[in-house]
Amino acid sequence: MNSRIAAVDVGNDSIKAIFGELEYELNIPNIVGIDTEDRPVIGIEELNNKNPLEGIHIKVHSPALKDNNAIYRVGHLATKSDNATELDPGSAKSEEDQTLVMLFATLALDAVNEENSNTFPRVKNVIDANYTLGTGLPLREVKEGKDAGYRSKLVGSVHQVEFLVTPKYQGLKVNIKFNEVKIYPEGFAAYINLVMDNQLKIINKDLIDKRIIIQDIGGLSTDIAVIKNRNVDDDKAQGFNLGVSESLEAIREEIRSKHAIELDSRRDVVEIITRKNDRNHIMVKGSRTSVHDITDRILLELAKKQYRLLRNVWQKNSQTEICYFVGGGANVLKEYIKTLNNNLDGYNIDFFEDEKESIWMMANAYYKLITDFVRKSEKSKPSQEPVKK
């Protein structure tokens, strides 16, 4: 049975996934909306000219779900739905249906990709797909032992995704099975990515034995990993229920009340704050309007809280040499945190200047870890020759 490698980071903002021999990647906004069987489509014959990622409409059947056999709009399509849900602060990633729905949808989109027709058997409109999955959970959830429950939901069951009104894939069903599932703590994954390349060879010699703090700012949580002697110090590592989502929501709310402009999702807010040109501007009745006052005030407030977390962890680990800020949230707060640091304590901190690298960091790390796992398990398989007695 062919098993395909999948490294999936179910981020609070979006899903980042890398497949196979690095030949395919997907990035889908982490938004779902419950929907009906036959969503109205204008011009059904044009459906197949559209990009499937713009119209993910699926029914998901899995014993792992609380709400089995529900129908969802996923990603871009869900942003246009009245009942779209994004994950809430305080929710456990490992316990939400939304995490699983996004994971299964992403794998199914890979499985139906024409290039995999040789990998996975297909009978009529049913594809049987088998994956070796590397994924992760926030440190806090791993420390609470939730990774075991999450893993057991995935392994040993068949999870079915049926494409309903989705461009190109309408009517196809994908049965997903897992050959193996590895769940890594997110902070550790960031470290692996800093010091190792895809072959797990050390690329960052001067970092490997340093004492490092990695502060990973996500949508709903912040993980702070303390690394010494090449390991995450489990006692010192901490997870906090503080991410950028609430601040993005607050900005969205204030833009709505002040300018009567409705933004579809938090993603639109991120786009306004991080884009290269016209940053912090929106169009109001056709004229370019600054929302700097709103974004600056709310994001500076959050940056101060993040800085306080750093300060507390650094105090308890006074021999730390550098703190790396990673994750999508760090990308949003970068300028504010740098300014605070310059004016206050002047810690040795660093960010990833490459936006893509920062956002794809977890998926890349899971990819490195899961391919290494596969390599090692193939090496340790006994050879097929009969043993002479």
Side-chain angles (χ1 to χ4, degrees), residues 11-15 27-35 39-40 54 56 72-93 96-99 102 217-222 240-309 325 327-340 343 355 358-359:
N12 295 309
D13 173 61
S14 68
I15 306 294
N27 186 350
I28 302 166
N30 189 352
I31 304 176
V32 301
I34 293 276
D35 204 7
R39 70 180 177 93
E54 297 293 328
I56 306 168
Y72 297 95
R73 295 170 168 226
V74 173
H76 296 288
L77 188 64
T79 58
K80 301 171 181 59
S81 159
D82 297 334
N83 54 358
T85 56
E86 298 178 79
L87 289 170
D88 290 322
S91 61
K93 195 185 272 194
E96 294 286 333
D97 268 6
Q98 180 156 342
T99 306
M102 291 302 304
I217 306 174
L220 302 182
S221 60
T222 294
F240 302 90
N241 274 334
L242 177 70
V244 289
S245 291
E246 280 182 89
S247 300
L248 297 174
E249 209 54 72
I251 291 170
R252 185 175 152 193
E253 196 52 55
E254 204 160 318
I255 288 175
R256 181 190 297 141
S257 61
K258 191 171 172 183
H259 299 290
I261 297 293
E262 190 67 62
L263 299 168
D264 279 344
S265 67
R266 297 172 198 158
R267 201 131 217 237
D268 296 349
V269 182
V270 172
E271 154 71 5
I272 290 163
I273 347 182
T274 56
R275 61 181 168 218
K276 298 280 175 282
N277 305 325
D278 264 356
R279 184 171 293 183
N280 291 313
H281 281 78
I282 57 171
M283 297 306 282
V284 178
K285 297 176 184 157
S287 64
R288 202 172 149 276
T289 307
S290 168
V291 288
H292 238 296
D293 53 333
I294 299 175
T295 55
D296 274 356
R297 190 184 71 250
I298 292 172
L299 293 176
L300 183 60
E301 200 46 51
L302 177 61
K304 284 178 182 165
K305 290 178 182 164
Q306 290 288 351
Y307 195 73
R308 215 169 291 141
L309 296 181
F325 282 91
N331 202 24
V332 169
L333 295 173
K334 183 161 68 179
E335 298 312 320
Y336 301 98
I337 291 175
K338 280 183 180 171
T339 305
L340 285 171
N343 296 337
E355 208 166 296
S358 189
I359 289 168

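Every residue meeting the ring-ring contact (aromatic ring centres under 6.0 Å, His included) condition with Phe325, not counting sequence neighbours, appears here in chain and number order: Phe351. Applying the side chain to side chain donor-acceptor pair (under 3.5 Å) rule to Glu96 yields no partners; only residues at least two apart in sequence or on another chain are considered. For Asp264, the side chain to side chain contact (heavy atoms under 4.5 Å, CB included) partners two or more places apart in sequence, or in a different chain, are Thr79, Asp268. For Lys304, there are no salt bridge (Lys or Arg N to Asp or Glu O under 4.0 Å) partners two or more places apart in sequence or in a different chain. For the side chain to side chain contact (heavy atoms under 4.5 Å, CB included) test, residues two or more places apart in sequence or in another chain that qualify with Arg275 are Glu271, Ile272, Asp278. Applying the side chain to side chain contact (heavy atoms under 4.5 Å, CB included) rule to Asn280 yields the partners Ile273, His292, Thr295; only residues at least two apart in sequence or on another chain are considered.
Formation of a donor-acceptor pair under 3.5 Å by the Ser14 side chain with backbone atoms of Asn27 is not found in this model.
With Val244 as the partner, the side chain to side chain contact (heavy atoms under 4.5 Å, CB included) test is satisfied by one option alone out of Leu299, Val269, Leu333: Leu333. Each of Glu254, His259, Glu253 was scored for a side chain to side chain donor-acceptor pair (under 3.5 Å) with Arg256, with one residue passing: Glu253.
Here the straight-line distance linking atom CD1 of Ile261 with atom CD1 of Ile282 works out to 5.0 Å at 0.5 Å rounding. Here the straight-line distance linking atom CD of Glu246 with atom CD1 of Ile298 works out to 11.5 Å at 0.5 Å rounding. One finds the OH atom of Tyr72 at 4.0 Å from the CD1 atom of Ile34 (value rounded to the nearest 0.5 Å). Separation of atoms NZ (Lys305) and OG (Ser247) is listed at 6.5 Å; rounding is to 0.5 Å. The distance from the OG atom of Ser290 to the CG atom of Asp296 is 8.5 Å, given to the nearest 0.5 Å. For the atom pair Asn30 CG and Ile15 CD1, the distance stands at 4.5 Å (nearest 0.5 Å).
In terms of heavy-atom proximity, Ser265 sits nearest to Arg252 at CA-NH1, 3.6 Å. Heavy atoms only, all atoms of each residue included: Gly75 and Ile28 are closest at CA-CG2, 3.8 Å. The two residues Gly219 and Asn12 come nearest to each other via the heavy atoms N-ND2, 3.5 Å. Considering all non-hydrogen atoms of both residues, Ala78 and Ile31 come closest at CB-O, 3.5 Å. Between Pro29 and Arg267 the shortest heavy-atom distance is CG-NH1, 3.1 Å.
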> What's the verdict on side-chain contact (heavy atoms from CB on, under 4.5 Å) for Leu242 and Arg308, showing C-alpha distance, side-chain angles and the deciding distance?
Replying inline: CA-CA 12 Å; Leu242 177 70; Arg308 215 169 291 141; over 6 Å; no
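Salt-bridge check for Asp13 with Arg266: failed, with every basic side-chain N at 4.0 Å or more from each acidic carboxylate O.
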